[in-house]
Amino acid sequence: MQCLDYAKIGNRIRQARKIRGWSQELFAKKCGISLSFIGHIERGTRNMSLDTFATICSVLGAGADELLFGIPHPKEYVEDDMHLQAKADDDSYIMYAKIMKSVADIINGI
């Protein structure tokens, strides 16, 4: 079992927020928590409840495994690839896309 590194988790949350172009203030409002607490979370100096973590994941559109351990959310990448399927006439590409979607569903527990 992996140990939680709150500083790394906070850094991943900060990176995800910045990628979206959000200030800490806007992010705090979207999450319904104080600006001060967001700062502590991003620095890893305070622990958050599971409810708060779930809210952060939802607001960022990020998977828990992505924020906790830095594991990319494979389903997002597969769904992006599936949009390319319409352009692909090749049967091998269609098979590849179906296999990757199945793998992502298994990883995500679907």
Give every donor-acceptor pair under 3.5 Å between a side-chain atom in residues 45-61 and any protein atom, sequence neighbours left out.
unit_1, atom_1, unit_2, atom_2, d
Thr45, OG1, His40, O, 3.4
Thr45, OG1, His40, ND1, 2.7
Ser49, OG, Asp51, N, 3.4
Ser49, OG, Thr52, N, 3.0
Ser49, OG, Thr52, OG1, 3.0
Thr55, OG1, Asp51, O, 3.0

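- Grouping the Ile, Leu, Val, Met, Phe, Trp and Tyr side chains by contacts below 4.5 angstrom, directly or via other members, places Leu35 apart from Leu26.
- If you take CD1 on Ile13 and CD on Glu66, they are separated by 10.5 Å, rounding to the nearest 0.5 Å.
- Considering only residues two or more places apart in sequence or on other chains, Arg14 meets the side chain to side chain contact (heavy atoms under 4.5 Å, CB included) condition with Asn11, Arg17, Lys18, Glu42, Arg43.
- Taking 4.5 Å as the limit, every side-chain heavy atom of Phe69 sits out of range of all side-chain heavy atoms of Ile9.
- Here OG of Ser23 is found 10.5 Å from CD1 of Ile38. Values are rounded to the nearest 0.5 Å.
- Each side-chain hydrogen bond (donor to acceptor under 3.5 Å, both in side chains) pair with one or both residues in residues 25-39, not counting sequence neighbours, would appear here, but there are none.
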